[in-house]
K.L.:
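The structure under discussion is supplied below as structure tokens; questions concerning it will follow.
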Amino acid sequence: MAERRWTRRLPWLAALALLLALPLAVNNYVQFVVNTMLVYSLAAIGFNVVIGYLGQLAFANAAFFGIGAYAAGLSMAHLGLPYPLALAVCAAVGGLAGVLVGLPALRVRGYYLAIVTLAFGELMRWIYVHADGLTYGASGFNVPQVALFGRSLNETGKYYVFLFVVLLGLGTTRCLVKSRIGRAFVAVRNNEAAAASTGVAVLRIKVVAFAWSGLIVGLAGGLYALLNGRVSPDTFGLSQMLMHFAIVMIGGLGALAGSIVGAVLLTGAPELLRNFPGLEEIVFSLLLMAVLFLMPRGIGGLIADRIPGARERLYQE
């Protein structure tokens, strides 16, 4: 039994060892691209909780992303907080924003919920622009230099911070969706009335899902602030929302590992096509249409179909 357990763990340990050794084999530019993949992987994991597991057509992810970035950057700029505490602040503020967005989800659904959450994102952008004394207005601001253990973080240092946070976010989210609460998410997604008849507190479950999504995506926003070193309102508009949506759709609804695969594809492909103007948008569109028509459940669903042992871990029916 113990030998079988170690055999199952060996691939994961090998993957972790490769991730830890990755900075030794890449230059600063490739390292920046890998760091970007990590940030969007975490954002997609959080977004997938609401749109994939809970099945709600909500698009507040760009708002949560921006709230996390602003909360982390402003807490360092105005309060002088060290970066670990700033990350805690952006997670808490993101979770609170998730609760506020989740309240309308108790009364509206479908396209109406999509419109409400899109409006919330635009409201946050309006606040970023007009609250000049707090947010530095339309021009944005530079994030203060981050140092850990007395040393400034370079791209390699950021990588290890991001990797730790992403693994923590992935692990806790996986535990959540595999728990009784996660099963309640799926029950509400499949049939709210049937879930309520079996004793599921539908209203509370919805708020919990939005709160967790806001926390994780807000945490990703805090990483994004450190990644770019600058925060500005125009970063968190419709294009950011569409990016998150495309990552989740390509990776697979209700597939956490698929979210990571989607983030790697959609953040890595533009770098490979950078020397071919116009081709990036074409490839992006074709990839999205191919997934929607040929793989409705995304890459995560495809893996679940091909690898029976991965089905329960990657895609929850």
Side-chain angles (χ1 to χ4, degrees), residues 39-65 94-95 98 101-102 105 109-111 113-114 117-118 121 166 169-192 194-195 200 202 205-220 240-267 287-288 291-305 307 310-317:
V39 171
Y40 279 100
S41 295
L42 187 61
I45 288 168
F47 186 33
N48 216 337
V49 171
V50 166
I51 197 171
Y53 285 92
L54 190 66
Q56 298 296 301
L57 193 63
F59 297 111
N61 51 298
F64 297 153
F65 200 59
V101 173
R109 66 183 68 179
Y111 300 117
L113 179 60
T117 50
L118 283 172
V166 170
L170 175 63
T172 52
T173 302
R174 184 178 183 278
C175 289
L176 178 69
V177 299
K178 294 300 177 185
S179 69
R180 181 178 179 182
I181 295 175
R183 292 192 293 272
F185 291 166
V186 177
V188 171
R189 180 192 69 190
N190 292 339
N191 192 313
E192 287 190 24
V200 174
V202 174
I205 285 298
K206 285 185 177 182
V207 173
V208 170
F210 274 94
W212 187 258
S213 178
L215 186 153
I216 296 296
V217 180
L219 196 57
Q240 190 72 246
M241 185 276 293
L242 291 175
M243 178 69 171
H244 294 188
F245 181 72
I247 288 173
V248 171
M249 291 302 298
I250 290 174
L253 296 173
L256 297 181
S259 298
I260 297 175
V261 175
V264 170
L265 285 176
L266 289 188
T267 54
L287 182 60
L288 187 57
V291 168
L292 292 176
F293 284 105
L294 303 177
M295 296 184 291
R297 292 190 302 162
I299 295 173
L302 180 66
I303 295 174
D305 290 338
I307 307 175
R311 182 170 297 135
E312 185 64 22
R313 291 196 299 272
L314 293 180
Y315 192 83
Q316 196 152 355
E317 296 287 356

K.L.:
Classify the ring geometry of F47 against H244: parallel below 30°, tilted from 30° to 60°, perpendicular beyond 60°.
P.N.:
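Geometry flag for H244 against F47: tilted rings.
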K.L.:
Any donor-acceptor pair under 3.5 Å linking the side chain of N48 with the backbone of G252?
P.N.:
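Side chain of N48 to backbone of G252, a donor-acceptor pair under 3.5 Å: yes, one is there.
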K.L.:
Output, in order, the C-alpha distance, side-chain angles, deciding distance and verdict of side-chain contact (heavy atoms from CB on, under 4.5 Å) for V101 and F64.
P.N.:
CA-CA 10 Å; V101 173; F64 297 153; 3.8 Å; yes
K.L.:
Quick one: pull up OG in S259 and CG in L253 and give me the separation to the nearest 0.5 Å.
P.N.:
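It is 8.5 Å, given to the nearest 0.5 Å.
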K.L.:
Atom CG of L176 and atom OH of Y53: how far apart are they, to the nearest 0.5 Å?
P.N.:
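Answer rounded to 0.5 Å: 9.5 Å.
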K.L.:
Would you check if the side chain of R189 reaches a backbone N or O of G52 as a donor-acceptor pair within less than 3.5 Å?
P.N.:
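Checked: pair present.
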K.L.:
Supply the atom-to-atom distance T173 OG1 to I45 CD1, rounded to the nearest 0.5 angstrom.
P.N.:
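So the OG1 of T173 and the CD1 of I45 are separated by 6.0 Å.
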K.L.:
Which residues satisfy the side chain to side chain contact (heavy atoms under 4.5 Å, CB included) test with I205, sequence neighbours excluded?
P.N.:
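In terms of side chain to side chain contact (heavy atoms under 4.5 Å, CB included), with neighbours along the sequence ignored, I205 is linked to L54, I181, A184, F185, V188, V200.
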K.L.:
Closest heavy-atom contact between Q56 and L113?
P.N.:
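Minimum heavy-atom contact is OE1-CD2, 3.6 Å.
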K.L.:
Provide the closest heavy-atom pair for A195 versus V202 in the form atom of the first, atom of the second, distance.
P.N.:
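Nearest pair, atom of A195 first, then V202: CB-CG2, 4.5 Å.
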K.L.:
Could you pull out all donor-acceptor pairs under 3.5 Å where a side-chain atom in residues 213-220 meets a protein atom, sequence neighbours excluded?
P.N.:
{"from": "S213", "atom 1": "OG", "to": "G46", "atom 2": "O", "distance (Å)": "2.8"}

K.L.:
Could you measure the distance from the CD1 atom of I247 to the OG1 atom of T267? Nearest 0.5 Å is fine.
P.N.:
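Between I247 CD1 and T267 OG1, I get 6.5 Å after rounding to 0.5 Å.
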K.L.:
Which heavy-atom pair separates V50 from A209 by the least distance, and what is that distance?
P.N.:
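Heavy-atom minimum between the residues: CG2-O, 3.7 Å.
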K.L.:
Could you tell me the separation between the CD1 atom of I51 and the CG atom of N61, rounded to the nearest 0.5 Å?
P.N.:
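Spacing of CD1 (I51) from CG (N61) equals 7.5 Å.
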K.L.:
Can you name the residues that form a ring pair (Phe, Tyr, Trp, His ring centres under 6.0 Å) with F59, not counting sequence neighbours?
P.N.:
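F245.
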